[in-house]
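Worksheet: one structure, shown below.
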Amino acid sequence: MGPGGRWFESSRPDHFFSLTQNPPSLFDPMAEAEAKQRKTLEERAQMSDLERLRHSTAHVLATAIAKLWPDAQFAYGPPTEQGFYYDVDLEHRITPEDFPAIEAEMKKVVKENQSFERLVVSRDEALTMAKSGRLAALGERETPSTFKIDLLEEIPEDEEISIYKNGDFWDLCAGPHVPRTGNCKAFKVMSVASAFYKGDANNPQLQRVYGTAFKNKTELEEHLDRLEQAKERDHRKLGKELDLFHIDEAVGQGLILWMPNGAVVRQELQTFISEELAKQGYSQVFTPHIGKLDLYRTSGHFPYYQDSQYPPLVEREQLRLLADEGCSCGELSNRLSSGDIDGFLLKPMNCPHHIKIFASRPRSYRDLPVRLAEFGTVYRWEQSGELNGMTRVRGFTQDDAHLFCTEDQVADEIMGCLSLVKTIFNTLGMEDYRVRVGLRDPDSDKFAGDPEKWDKAGAALRDAAEKLGAPFTEEPGEAAFYGPKIDFVVKDVIGREWQLGTVQVDYVLPERFDLSYIGPDNKPHRPVMIHRAPFGSMERFVGVLIEHFAGKFPTWLAPEQVRILPISEKFLDFATEVETELKSAGVRVTTDASSDKIGAKIRLAQIDKIPYMLVIGAREAESKEVSIRHRDRGDAGSCGVVAFRERLVEEIRSRSL
RNA sequence: GCUCUUGUAGCUCAGGGGUAGAGCACUUCCUUGGUAAGGAAGAGGUCACGGGUUCAAAUCCCGUCAAGAGCUCCA
């Protein structure tokens with residue numbers, strides 16, 4: 001898994017079928033996308049007050065845009081978690097410079113306090129309006145309301161068709177709305193971006209104008225403040241300020257350079273995981289960053305996921321021969337795909353290597369489960385527009401492991417994996433995550449292998465999730481094609497969801513690699529594989545963790561745990577004594593020997609978010625004590641050096657928050 | 001990958017057709033101070049890169065690269 005989280009895509013049936021050679025199903029991604037867009041009337045009726053307000057404000061926004069640019073063609077305009085948006089097709093490119101004008105028009109509409117009137121019409125009447133450009137507009141137009149015509153066709157036959165009017169603005173809309181535009185008094189146009197019509201990259205791109213709205217000005221201000229504060233904990237900003245990581249153009253997009261400070265955090269986390277792995281009976285392994293193409297032909301990765309891999313590496317001699325033959329790039333690509341030419345691939349996943357370790361010698365049922373773990377670095381060619389700081393990158397290290405077990409062991413092994421994830425999340429104080437159980441879609445044959453096994457594994461995953469005690473959602477159709485899975489999903493500071501840990505049951509790879517173990521009956525049996533990564537990837541996890549702690553890492557993770565601040569140079573000797581004492585106990589400590597005044601030294605240490613500052617002056621040098629200042633708790637009194645060291649070491653050892 | 005926006009000193013940013021600005025950081029000197037900024041001086045930039053327009057381009061235009069937001073994608 002990795003940035004994407006899933007080992008295999010679950011919604012691209014073409015890949016699935018080629019991989020498993022099952023007959024094509026009736027699964028239609030287009031229909032599914034539409035279903036996601038269209039809320040049922042029932043769902044709409046359940047709209048919360050805030051959603052209703054926001055949806056109404058979206059109409060106010062559309063009214064304003066229609067006034068400023070009468071040729072605007074509107075598509076969808078729903079409420080969202082953060083506010084609302086309205087998709088519009090418009091010759092004029094809306095930029096942030098237009099926002100004041102749009103907001104001014106919106107204010108006029110609000111001031112006029114127009115009522116939202118619901119009008120039930122027949123399909124024909126609605127169609128006539130749409131054809132005369134009257135829908136999502138202030139009056140009839142020369143061009144029809146194209147998107148609304150399209151939307152009309154999607155409304156089921158038996159469903160009522162309603163038009164909402166506010167002033168002269170009429171829009172095809174199921175509602176519901178607030179009574180009057182005067183209710184929409186606290187709003188703000190936030191941003192504009194593009195979006196594909198109906199979320200399909202083959203459809204035209206529309207301009208999506210985002211806004212937000214609240215009951216009153218105070219709540220709006222609070223929301224805007226929260227957004228400002230969130231920016232302050234953005235891992236990209238903190239990563240730079242705290243020297244945690246760097247991305248350099250000369251190295252490449254999406255390739256993380258861990259700075260010494262970031263490396264400390266990562267190393268501490270890896271040590272932590274390694275300790276837990278040892279407790280749970282894992283064996284750690286190391287495998288190279290590349291493997292032969294044939295390996296990935298067997299696994300299926302190379303043939304079916306070329307688009308998201310770095311291009312293969314081909315031997316120099318081989319390339320020379322091909323050049324002499326006048327082989328074109330296209331031919332080379334074809335011959336690589338066909339297996340006519342071999343080469344190497346930067347590994348997109350660790351499983352094939354681990355499988356080869358498992359398969360390197362005969363296995364008895366007595367050996368199972370075999371649990372192979374590795375901080376394995378993988379490379380994926382993510383689309384440039386997807387890259388994002390540390391959370392979506394092109395090279396990343398998974399805290400990966402593959403468990404090979406018998407059918408009967410699956411449930412226990414899943415429990416083990418989940419308890420590991422839980423231990424990790426608890427230790428880090430991460431409570432704000434959601435658990436997603438991805439199951440097979442019972443109405444689809446979009447899965448590989450025996451349905452009974454799937455359901456058994458699915459049940460095991462559900463049981464495990466229940467025992468975990470965290471709220472979880474079951475999402476049929478969200479399984480990987482090769483097996484059901486559990487994902488742990490968290491949000492970043494701007495509300496985007498990222499998948500971290502995952503536990504996935506796999507029936508396909510053991511098959512493809514023809515894995516077996518000898519059972520008690522002295523016959524070969526097929527093991528089941530479990531892929532799991534509690535962090536997902538070190539890059540993404542640390543990115544999320546930076547935001548989780550707002551850069552204030554708990555002492556055990558902090559790159560610099562203690563900074564000694566002598567009042568003046570006269571006390572450098574004692575400072576060095578203290579530094580040596582702490583260093584000998586393995587504490588990451590430095591001394592600020594600059595000629596700054598103490599206030600400035602404290603300020604710098606605070607900005608660097610160092611957990612403990614030790615102020616040392618005449619009093620301390622005299623009594624052989626240190627004055628402790630904690631970055632959050634402030635002045636914490638003074639104590640002897642040894643006492644401080646003991647307390648600190650215990651805090652670090654116990655990984656306290 | 002697509003749409004829009006952005007790219008000026010290590011960092012944060014101002015400026016803008018006529019040979020480059022601030023604050024912080026950095027270096028040196030003075031200061032030796034008790035819980036979030038002591039003072040002075042100095043050094044530092046091919047204004048992302050490549051073309052074009054112009055007497056003249058950091059500034060305008062085109063392209064490339066990169067970043068941000070959103071969409072699409074995420075084995």
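Just so it is clear: chains get the letters A, B, ... in the order the sequence lines come, proteins before strands, and each one is counted from 1. Everything numeric here is computed off the predicted structure, so don't read it as measured data. The figures here come from the full heavy-atom set of this structure, side chains too, leaving out hydrogens, waters and symmetry mates.
With a 6.0 Å cutoff to the six-membered ring centre and a 45° limit on the axis angle, R54(A) does not count as a cation-pi contact of F84(A).
Rounded to whole Å, the P atom of U5(B) lies 12 Å from the corresponding atom of G63(B). A58(B) and C24(B): their C1' atoms are spaced 23 Å apart (whole Å). Only the C1' atoms considered, U31(B) is 48 Å distant from G17(B), to the nearest whole Å. Rounded to whole Å, the C1' atom of G44(B) lies 10 Å from the corresponding atom of U27(B). Annotation: C60(B) and A40(B) have their C1' atoms spaced 43 Å apart (nearest Å). Going from the P atom of G45(B) to that of C11(B) covers 14 Å, rounded to whole Å. Nucleotides U64(B) and C26(B) have their C1' atoms positioned 34 Å apart, rounded to a whole Å. For the P atoms, the distance linking A20(B) with U28(B) amounts to 29 Å, nearest Å.
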Report the secondary structure of RNA chain B in dot-bracket form, marking unpaired bases with a dot and bases paired to a different strand with |, and treating Watson-Crick or G-U pairs with both distances under 3.5 Å as paired. (((((((..((((....[..)))).(((((.......))))).....(((((..]....))))))))))))....
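A sub-4.0 Å separation between OP1 or OP2 of G70(B) and a side-chain N or O of S191(A) is absent. Taking only side-chain nitrogens and oxygens, K240(A) never comes nearer than 4.0 Å to OP1 or OP2 of G10(B). Contact check, R496(A) against A69(B): a side-chain N or O comes under 4.0 Å of OP1 or OP2. Taking 4.0 angstrom as the limit, Q383(A) places none of its side-chain polar atoms (N or O) nearer than this to OP1 or OP2 of U72(B). Under 4.0 angstrom from either OP1 or OP2 of A69(B) there lies at least one side-chain N or O belonging to N388(A). Within the 4.0 Å cut-off from OP1 or OP2 of A69(B), at least one side-chain nitrogen or oxygen of R236(A) is found.
Among the nucleotides G1(B), A66(B), A36(B), the one closest to any side-chain atom of S384(A) is G1(B). Distance from the side chain of Q606(A) is smallest to A36(B) among G38(B), A36(B), C65(B).
Closest heavy-atom contact between M190(A) and L224(A): CE-CD2, 4.0 Å.
When each of G599(A) and E241(A) is assigned the nucleotide of RNA chain B with its nearest heavy atom, E241(A) is the one assigned upstream, toward the 5' end. Toward the 5' end of RNA chain B, the nearer of the two residues R629(A) and K237(A), judged by each one's closest nucleotide, is K237(A).
At a threshold of 4.0 Å, the pair K231(A)-E228(A) counts as salt-bridged, since one of the basic side-chain nitrogens sits closer than that to a carboxylate oxygen. Salt bridge annotation for E241(A)-K237(A): present, with a cationic side-chain nitrogen under 4.0 angstrom from a carboxylate oxygen. Contact check on E497(A) versus R434(A) returns a salt bridge, with a Lys/Arg side-chain nitrogen under 4.0 Å from an Asp/Glu carboxylate oxygen. Salt bridge absent: R532(A) and D400(A) never bring a charged side-chain N and a carboxylate O closer than 4.0 Å.
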Check nucleotides 40-48 of chain B for protein N or O atoms closer than 3.5 Å to its own N or O atoms and list the pairs.
none

What pairs of nitrogen or oxygen atoms, one from the protein and one from nucleotides 29-34 of chain B, lie under 3.5 Å apart?
| from | atom 1 | to | atom 2 | distance (Å) |
| --- | --- | --- | --- | --- |
| U32(B) | O2' | K570(A) | NZ | 3.4 |
| U32(B) | O2 | S568(A) | OG | 3.3 |
| U32(B) | O2 | E569(A) | N | 2.9 |
| U32(B) | N3 | E569(A) | OE2 | 3.4 |
| U32(B) | O4 | E569(A) | OE1 | 3.0 |
| U32(B) | O4 | E569(A) | OE2 | 2.8 |
| G33(B) | N7 | I567(A) | O | 2.3 |
| G33(B) | N1 | S595(A) | O | 3.2 |
| G34(B) | O6 | A618(A) | N | 2.8 |
| G34(B) | O6 | R619(A) | N | 3.0 |
| G34(B) | O6 | E620(A) | OE1 | 3.4 |
| G34(B) | N1 | E620(A) | OE1 | 2.8 |
| G34(B) | N1 | E620(A) | OE2 | 3.2 |
| G34(B) | N2 | E620(A) | OE2 | 2.7 |
| G34(B) | N2 | S627(A) | OG | 3.4 |

Using atom names, set out every protein N or O paired with an N or O of nucleotides 3-5 of chain B below 3.5 Å, distance rounded to 0.1 Å.
| from | atom 1 | to | atom 2 | distance (Å) |
| --- | --- | --- | --- | --- |
| U3(B) | O4' | Q205(A) | OE1 | 2.5 |

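Using a 30° and 60° split on the angle between ring planes, H531(A) and H402(A) fall in the perpendicular class, above 60°.
In this structure H353(A) satisfies the ring-ring contact (aromatic ring centres under 6.0 Å, His included) test with no other residue, sequence neighbours excluded. Remark: F375(A) engages no residue in a ring-ring contact (aromatic ring centres under 6.0 Å, His included) (not counting sequence neighbours).
The interatomic distance linking D632(A) (CG) with A36(B) (P) rounds to 14 Å, in whole Å. Rounded to an integer number of Å, the gap from D248(A) CG to G10(B) P is 13 Å.
Side-chain polar atoms of N388(A) and T391(A) form a donor-acceptor pair below 3.5 angstrom. If you check the side chains of E374(A) and T287(A), you find a donor sitting under 3.5 Å from an acceptor.
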If you apply the rule side-chain contact (heavy atoms from CB on, under 4.5 Å), what do you find for F396(A) with I256(A), and how did you get there? CA-CA 8 Å; F396(A) 53 95; I256(A) 302 293; over 6 Å; no
Stepwise side-chain contact (heavy atoms from CB on, under 4.5 Å) test for R540(A) and L500(A): CA-CA 7 Å; R540(A) 176 176 287 178; L500(A) 295 178; 3.7 Å; yes
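Between the side chain of E386(A) and the backbone N or O of Q383(A) there is no donor-acceptor pair closer than 3.5 Å.
Separation of the Y197(A) and F147(A) ring centroids falls under the 6.0 Å cut-off.
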